[in-house]
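See structure below.
In each ligand, atom 1 is the first atom listed, and ligand 1 is the first ligand listed. Residue numbers run from 1 in the order of the sequence given.
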Amino acid sequence: MSNIIILGAQWGDEGKGKVVDRFAECFDIVARYQGGHNAGHTVYIGERKFILKHIPSGILRPGKVAVIGNGMVVEPLALVEEVDGLTRAGIDVRARLAISNRAHVILPYHRVVERLSEARPGRVAIGTTSRGIGPAYEDKVARRGIRMADFVEPDSLRSLWESAVADKTVLAKAFGIGDEVAPADSLERCLAVAECLRPMVRDTAQLLCHAARDGKRIILEGAQGTMLDIDHGTYPFVTSSSATAGGASTGTGLPPTRIQGVIGVAKAYITRVGGGPFPSEADGKGADRIRNEGKEFGSVTGRPRRCGWFDVPLLRYTAMVNGFDSLVITKLDVLDQFDEVPVCVGYRSGGVDIDTMPASLDGLERIEPVWENLPGWRSHTHGLDRYDDLPARARDYLRFLEERTGVEIGCISTGPERDQTILRSGSRLVALLE
Ligand code: IMP
């Protein structure tokens, strides 16, 4: 009876939404443990395309329970829109979605505060999604945030709102930000959406722990990816929460002793959105080709993603901090028509090999990637669902990644649909799904 964590092994956008949706078949509950509506999961089911921002993709499977964990930050208006959109598509969200009463709320003034840090002259912008994520987590850590439990109580919301808005107004004035911190009707709108959300708000840590005790199976889903983790990522070019496996317990309340496996999801190449170091970034033409073949544009912001080649040292690092049992490699088909596929196999700095991930920004910027070129397979893998049907060179590529990263590849995704997936029998991953 395994409960597992599924998370991104790179800089996010690895295709976790599809993977979680595919594996959710074998589980009862999918719980997300960090981030907010900065994450966008795109899931295709037949002709239908779903973009999920807060709600774990488990909701798309009839009968499964989806949990918004306490480690997440919730933008209530956006969440209600998401719930309504799914309801219109015929999905019974309200009966199957549980929102943690301990999750923090993103309010209109968080976006204003984000502008203080992102747009201030002389400040190196992180290139955030501008959703107010960082400021909401700042308020959480500073112990002045508003949690769902209080958000859905009108009297508590009114008094917490007043004091928060007074604080932010002082701040905005001091920094010369002209925007209104809390537009006229925003409290009233929040009170109205709180009413809609209240029936779904509950103690989700208890829900998860009781479910685990009763033999139900749980997927804990991360957003964003390891290299955007607040502690282990390329700080300060990171998001404001714990995207790594360690965050799964604090972000849900399900203890580590109840979790049996950790699955990393990595693209067959790599992308990053926003600023910050990117050792295996491809040059102009290579990046354009990957971006076009892989349709690498943000599902929440529409921003073109920066594109590059698979980075082995980065994967070894993310495997170390997460303890991956197995990897899912996604978007293999994007590389189908390349003559050669470069792979970053090592890092050097000042001409010397390095075997750790530098912590300093300067150290990260100074990484010199060591490349190996592998032959491309020049043949279609799109939609294949059997390992043996992959072209020999594609299998060689996967074997190379397995050997160099030291982690098994238990699953390969060859397209956006659920059945465009190869599961490798005998793998640790398949054992965890059983
Ligand atoms: P924030 O999470 O909006 O504060 O943005 C911080 C950094 O994380 C920026 O570089 C964003 O582009 C990046 N980021 C946030 N969410 C995602 C995601 O879902 N996919 C990829 N990058 C993300």
Side-chain angles (χ1 to χ4, degrees), residues 6-20 32-43 50-57 68 71-75 78 82 104 106-107 110-120 123-141 145 221-244 247 251 264-267 269-278 281 291 294-308 314 318 330-331 361 364:
I6 300 181
L7 78 151
Q10 297 162 326
W11 271 291
D13 307 315
E14 296 93 349
K16 294 177 292 292
K18 174 209 154 155
V19 172
V20 171
R32 224 182 100 183
Y33 59 84
Q34 47 80 225
H37 64 322
N38 47 350
H41 281 347
T42 311
V43 182
F50 296 92
I51 297 182
L52 302 167
K53 293 175 184 168
H54 294 92
I55 305 177
S57 53
I68 290 182
M72 286 186 66
V73 282
V74 173
E75 208 286 336
E82 211 175 323
H104 279 249
I106 305 176
L107 292 167
H110 287 126
R111 281 192 176 207
V112 179
V113 174
E114 184 151 29
R115 291 196 40 220
L116 297 179
S117 52
E118 281 290 274
R120 190 147 46 92
R123 170 83 151 75
V124 179
I126 307 294
T128 69
T129 57
S130 310
R131 297 288 187 276
I133 305 290
Y137 278 114
E138 282 173 34
D139 278 355
K140 169 179 175 172
V141 176
E221 175 187 350
Q224 275 89 39
T226 304
M227 297 308 286
L228 289 171
D229 179 273
I230 184 76
D231 288 284
H232 301 290
T234 46
Y235 191 92
F237 295 94
V238 292
T239 193
S240 301
S241 57
S242 299
T244 41
V265 183
K267 275 179 188 155
Y269 47 96
I270 197 166
T271 60
R272 146 157 236 183
V273 196
F278 187 174
E281 188 160 17
R291 187 175 306 110
K295 300 185 185 65
E296 294 294 353
F297 298 88
S299 51
V300 168
T301 60
R303 289 186 288 179
R305 295 179 181 142
R306 296 160 69 192
C307 297
L314 177 139
T318 62
T330 61
K331 300 186 96 167
L361 208 45
L364 285 163

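Here R272 does not pair with E296 in a salt bridge; the nearest charged N to carboxylate O distance is not below 4.0 Å. A salt bridge is defined here as a Lys NZ or Arg NE, NH1 or NH2 lying under 4.0 Å from an Asp or Glu carboxylate O, and E82 with K53 fails to meet this definition.
A 6.0 Å sphere centred on NZ of K140 holds more than 12 heavy atoms belonging to other residues, nucleotides or ligands.
When all heavy atoms of S242 and Q34 are compared, the pair lying nearest together is O-CG, 3.2 Å. Contact record, G8 with K16: N-CD, 3.3 Å, taken as the closest heavy-atom pair.
Taking atom 2 (O) of ligand 1 as the reference point, the nearest protein heavy-atom neighbour is T239 OG1, 2.6 Å. What sits closest to atom 21 (C) of ligand 1 on the protein, heavy atoms only, is D13 OD2, 3.0 Å. In this structure, the protein non-hydrogen atom closest to atom 3 (O) of ligand 1 is T129 OG1, 2.5 Å. Scanning the protein for heavy atoms near atom 7 (C) of ligand 1, the closest one is V238 O, 3.8 Å. Of the protein's non-hydrogen atoms, the one nearest atom 11 (C) of ligand 1 is G127 O, 3.6 Å. Nearest protein heavy-atom neighbour of atom 16 (N) of ligand 1: Q224 NE2, 3.1 Å.
Note that the CD1 atom of I126 and the CD atom of E114 stand 10.0 Å from one another [nearest 0.5 Å]. Put simply, NE2 on H37 and CD1 on I133 are 5.5 Å apart, with the number rounded to the nearest 0.5 Å.
Distances between N or O atoms of R272 and those of ligand 1 include no value under 3.5 Å. Between V273 and ligand 1, an N or O atom pair is found at a separation short of 3.5 Å. For the pair R131 and ligand 1, the shortest N or O to N or O distance does not fall below 3.5 Å. Polar contact with ligand 1: absent for E114 (N/O pair, distance under 3.5 Å).
Heavy-atom contacts of R303 reach the following atoms of ligand 1: 11 (C), 12 (O) (cutoff under 4.0 Å). Residue W11 has at least one heavy-atom neighbour below 4.0 Å for each of these atoms of ligand 1: 21 (C), 22 (N). Heavy-atom contacts of T128 reach the following atoms of ligand 1: 1 (P), 3 (O), 4 (O), 5 (O), 9 (C) (cutoff under 4.0 Å). Less than 4.0 angstrom separates some heavy atom of I126 from each of these atoms of ligand 1: 10 (O).
Under a 3.5 Å cut-off, the side chain of K267 and the backbone N or O of D13 do form a donor-acceptor pair. Remark: the backbone N or O of G12 is paired with a side-chain donor or acceptor of E14 at under 3.5 angstrom.
Under 4.0 Å from ligand 1, the heavy atoms of L228 that appear belong solely to its side chain.
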Step-by-step side chain to side chain donor-acceptor pair (under 3.5 Å) determination, Q10 to T226: CA-CA 6 Å; Q10 297 162 326; T226 304; over 6 Å; no
